[in-house]
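We name chains A, B, ... by the order of the sequence lines, and we start the count at 1 in each one. These values consider heavy atoms only, across backbone and side chains, with no hydrogens, waters or symmetry-generated copies.
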Amino acid sequence: MSVSLTTRRPAEVLLVEDNMGDILLTREGFKRSGYPVNLHHVENGEDCLAFLRKEGAFADAPTPDLILLDLNMPVMDGREVLKTLVADERFRHVPVVVLTTSANEQDIQEMYGLRTSSYIVKPLDFEEFQRIIQIIAEYWFTVATLPGTRD
Amino acid sequence: MSALKAIFSRLHVGEHEAMPPGAEDRRLSGDRRKADRRGNVFPFYDREQRLRFAAQAAGFGTYDFDCLTGHNHLSPELKAIAGLPQDLETVTMDEVETLIHPDDRPAWMEKLKGALDPAGSGDLDHEHRLVRPDGVVRWVRVRGRTFFMGSGEERRPLAATGIVMDVTDARAAAQKVVDSRAELSGILDSAIDAIISVDVGQRIVRFNPAACRMFRCTVEEAIGSPLDRFIPERFRTAHQRHVHQFAEGGATARTMGLPGVFSGLRADGEEFPIEATIAKVRVDNGWQMTVFLRDITERIRAEAALQRSKADLELAVRGANIGIWHWDLRSGTVDMSARCRQLFGVVLDATLNFEHVMAAIHPDDRDRVKAALQHTIREGVEYKFEKRVVWKDGSVHWLECIGRDLHDERTGEAVGLRGISLEITERKRLEETLLGRNEELEYSIEDRTAQLIRANEALERSNLELQQFAFIAAHDLQTPLRSISGFAQLLRKDYEGRLDPQAEAWLDQLVRSVHRMRDVVHDILAYSRVESRGNAFRPTDFNELVDDVLATLDAPMRETGARVRRDHLPTVLGDRTQLAQVLQNLIDNALKYHGQAPPDIRISARREAEGWEFRVQDNGIGIAEKHLENIFDIFRRLHTQQEYPGTGIGLAICRRVVHRHGGRIWVDSLPGKGSTFHFTLPDHPEGAR
């Protein structure tokens with residue numbers, strides 16, 4: 001029986017998403033999931049990398065347990081972020097779940113090719129979205145064992 | 001012993017044997033014998049003398065052969081005939097034998113034997129050659145008789161006498177006659193012309209093989225019949241008059257008739273043109289006419305053909321305005337027809353030579369023309385070229401020239417050139433114009449093609465941009481849509497009971513609108529993806545495909561109580577995801593547009609020449625005929641959202657997918673009875689993308 005992360009501390013989740021509506025809905029989704037989650041968010045790929053490297057305004061940022069990554073963003077999109085993360089020893093162990101509007105097969109192939117942990121197409125219906133957030137939280141915080149959580 | 005001696009020994013004669021009594025005086029000279037016999041044998045003597053005289057007068061030689069002594073007395077004439085010296089008194093038979101031509105000796109010997117045979121008549125009549133001591137050969141005829149004595153077994157030849165005539169000249173003359181007859185007969189037999197001779201009574205006496213062939217009758221049929229039978233009736237009177245005049249006239253030969261005027265009549269009744277020559281020869285009883293006839297049917301035909309082709313040629317030359325010229329290489333002169341002179345622009349009545357002709361030719365073309373003509377003369381080939389001539393007025397004219405060399409039949413040496421010229425100035429002008437037009441046309445076609453290519457590229461670019469735009473627009477619409485939908489739902493849920501009924505109703509309508517918009521965005525995305533985001537074609541099993549699609553439609557099938565039947569379906573090359581979309585849309589429609597009865601759907605396939613035709617058949621409300629064509633257009637809807645909800649994109653997607661696969665899609669329908677959607681998928685998609 002594995003020990004769940006959230007029984008000991010809130011999970012640190014980094015949402016990389018440029019759309020405020022989606023940010024609010026995601027936050028609402030986690031809130032309603034009942035799991036203790038610190039949801040941090042950045043609005044593009046560059047900020048994501050800065051957050052991870054604790055650069056600038058993110059000097060005090062925690063290392064996230066899970067990254068929820070949108071694909072289509074200004075400045076630096078999700079593909080580049082993922083490419084950079086897997087190439088970087090410090091961050092390649094952080095699980096990344098792609099959470100995007102695109103259901104394009106090419107995108108799906110490409111992201112799994114870059115070893116994303118999961119690829120999820122955002123549904124339009126909020127109830128469906130809520131269910132997905134619920135499952136993500138349950139799986140990553142209670143089922144899977146995340147690195148650095150078994151001191 | 002010679003063969004002759006053998007004969008004599010058998011006859012018991014010879015010069016060493018004793019002569020019988022009374023025969024002795026035969027060995028004496030003629031004079032002595034005459035003297036001895038005068039008196040008691042006068043009548044015989046007298047007769048003999050007269051005969052001898054007659055023989056001498058006729059130039060005959062005589063001989064007397066004494067069988068007992070074997071001595072031969074020859075008359076001076078005979079010695080002259082045989083070329084023997086006149087002082088020779090007697091000759092032996094051996095000596096005589098040497099005078100006989102070796103080839104004639106056996107026959108001579110045989111005759112001699114016969115004449116001396118006591119059982120025979122003793123007559124001798126023989127012709128043979130003598131070879132005179134000087135080598136001259138003469139033909140002689142010998143006629144003689146042998147006198148015998150005794151009778152029965154005792155009968156013996158006593159003497160033989162006779163005359164010898166030199167028949168050399170007579171024989172030669174006779175041979176000449178024979179030879180000339182044979183020659184004449186050979187000529188007549190092998191003559192190509194028919195040769196017919198008639199006697200004074202116009203009866204045929206000679207009819208050669210050529211005549212037989214010409215008149216198609218045998219010699220036997222012809223000989224003795226009147227010549228008239230071979231002349232058509234209408235010519236007979238005139239012919240007889242001609243013959244009569246000819247016979248009476250002084251001429252001995254004359255040509256009769258003209259081609260086509262004088263005709264012959266074959267035994268089978270066919271008439272034919274004849275050319276005839278008649279000759280008359282005096283014979284024993286008057287004149288004999290001989291006609292020489294030639295069947296000129298072929299010649300007349302050939303002449304007629306020649307006339308026709310000459311006339312044709314003349315017409316062609318005149319009609320085509322062709323100029324003809326002839327250059328005699330030996331005299332150096334050039335003959336030109338009047339038209340040719342016109343074409344070359346040379347003086348009409350001058351005598352021309354080659355230099356005059358060259359002077360008429362455009363300076364730029366002279367070398368080329370000269371080279372072509374020289375080549376023709378050297379190689380004996382035809383020439384054909386186009387050249388310019390410059391007339392006196394300075395105008396330039398194009399001529400087309402064709403010709404060939406003429407050469408001596410015997411030596412093969414080129415003796416001239418003959419050719420024609422034809423003015424082609426107008427044609428050249430047209431060609432040049434046409435060439436110019438062609439170039440213009442080519443240029444404008446190229447230009448137009450380039451324009452089209454540019455337009456096409458622009459169109460493709462714009463199409464791509466449009467697709468991209470539709471895709472991005474639809475995609476980007478989803479994000480705000482999700483927000484609207486999400487917050488509406490949150491409001492509806494979290495503030496339930498705290499909003500008045502009007503606010504709740506508006507929120508419900510908001511959510512419904514958002515869902516409808518979501519469907520539209522979803523379909524536009526699908527539509528725009530058909531071309532831009534298609535997958536590679538793979539063999540796709542339609543049995544599995546239909547089953548998978550039906551599984552996703554489980555809920556509406558259950559709701560409507562639908563019955564779906566699927567025949568056994570083939571495996572076809574295609575984009576599985578897109579083909580699933582086609583089937584899903586068609587089956588979805590069949591489920592949606594049903595009438596009173598629950599949907600009854602059948603999915604089948606039929607083999608076509610180059611692929612498969614699939615059918616989705618339903619028993620639904622059907623489609624009015626006027627909509628059958630445009631039902632596949634995007635956003636084409638036949639019903640309100642309240643009647644049948646839909647985006648109007650489903651069938652447009654189907655059509656796009658089928659077209660991408662190189663197939664066709666259509667529908668036939670009876671309103672109220674149902675619709676059948678057909679689509680084809682070729683085995684080898686052409687423009688597969």
Side-chain angles (χ1 to χ4, degrees), chain A residues 15-34 39 41-44 68-75 77-79 98-113 119-136, chain B residues 467-468 470-496 507-508 510-538 575-581 647 653 689:
Chain A
L15 175 65
V16 188
E17 170 66 68
D18 63 321
N19 184 271
M20 192 47 69
D22 281 352
I23 293 166
L24 291 175
L25 288 173
T26 308
R27 193 174 292 287
E28 197 59 33
F30 275 114
K31 198 157 75 185
R32 287 162 190 257
S33 72
L39 186 70
H41 91 261
V42 289
E43 293 185 7
N44 61 56
L68 298 177
L69 181 65
D70 190 15
L71 284 187
N72 299 307
M73 291 174 298
V75 188
D77 70 6
R79 295 168 194 82
V98 174
L99 190 62
T100 176
T101 312
S102 170
N104 187 351
E105 180 64 27
Q106 276 176 341
D107 289 342
I108 298 167
Q109 293 278 347
E110 190 183 353
M111 292 302 116
Y112 279 113
Y119 188 105
I120 294 166
V121 179
K122 290 182 215 167
L124 276 182
D125 188 82
F126 179 74
E127 282 179 21
E128 181 63 12
F129 186 68
Q130 171 65 53
R131 195 175 68 83
I132 287 167
I133 297 295
Q134 193 76 33
I135 291 168
I136 289 173
Chain B
Q467 276 178 27
Q468 210 61 24
F471 178 77
I472 290 165
H475 183 266
D476 285 4
L477 277 174
Q478 285 190 99
T479 306
L481 205 55
R482 192 166 40 249
S483 292
I484 301 166
S485 163
F487 291 113
Q489 281 177 299
L490 282 174
L491 264 177
R492 187 76 183 77
K493 207 171 177 175
D494 288 7
Y495 292 83
E496 201 171 2
L507 270 179
D508 285 346
L510 182 66
V511 170
R512 273 198 300 277
S513 297
V514 166
H515 282 177
R516 156 116 182 97
M517 191 167 170
R518 177 195 63 192
D519 290 345
V520 172
V521 166
H522 179 266
D523 282 353
I524 289 176
L525 271 175
Y527 184 80
S528 67
R529 275 180 190 143
V530 171
E531 294 290 336
S532 59
R533 312 277 168 122
N535 299 308
F537 289 3
R538 292 200 175 81
D575 181 333
R576 194 181 198 281
T577 312
Q578 292 188 349
L579 292 175
Q581 207 164 10
T647 61
I653 292 173
R689 283 161 292 180

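Between the CG atom of A:Leu99 and the CD atom of A:Glu17 there is a distance of 7.5 Å, given to the nearest 0.5 Å. Separation of atoms NE2 (B:His515) and CE (B:Met517) is listed at 12.5 Å; rounding is to 0.5 Å. Interatomic distance, A:Leu68 CG to A:Ile133 CD1, rounded to the nearest 0.5 Å: 6.5 Å. Note that CD of B:Gln578 is 7.0 Å distant from CZ of B:Phe537, once rounded to the nearest 0.5 Å.
With respect to chain A, the highest number of heavy-atom pairs below 4.5 Å among B:Leu490, B:Leu481, B:Thr479 belongs to B:Leu490. Top candidate by heavy-atom pairs under 4.5 Å with chain A, chosen from B:Pro480, B:Ala488, B:Gly486, is B:Gly486.
Both the backbone and the side chain of A:Asp125 come within contact range of chain B, judged by heavy atoms closer than 4.5 Å. Only the side chain of B:Gln489 comes within contact range of chain A, with at least one heavy atom under 4.5 Å from a heavy atom of that chain. Both the backbone and the side chain of A:Asp22 come within less than 4.5 Å of a heavy atom in chain B. Only the side chain of A:Glu28 has a heavy atom closer than 4.5 Å to any heavy atom of chain B.
When A:Leu25, A:Leu15, A:Leu39 are each tested for a side-chain contact (heavy atoms from CB on, under 4.5 Å) with A:Phe30, only one passes: A:Leu39.
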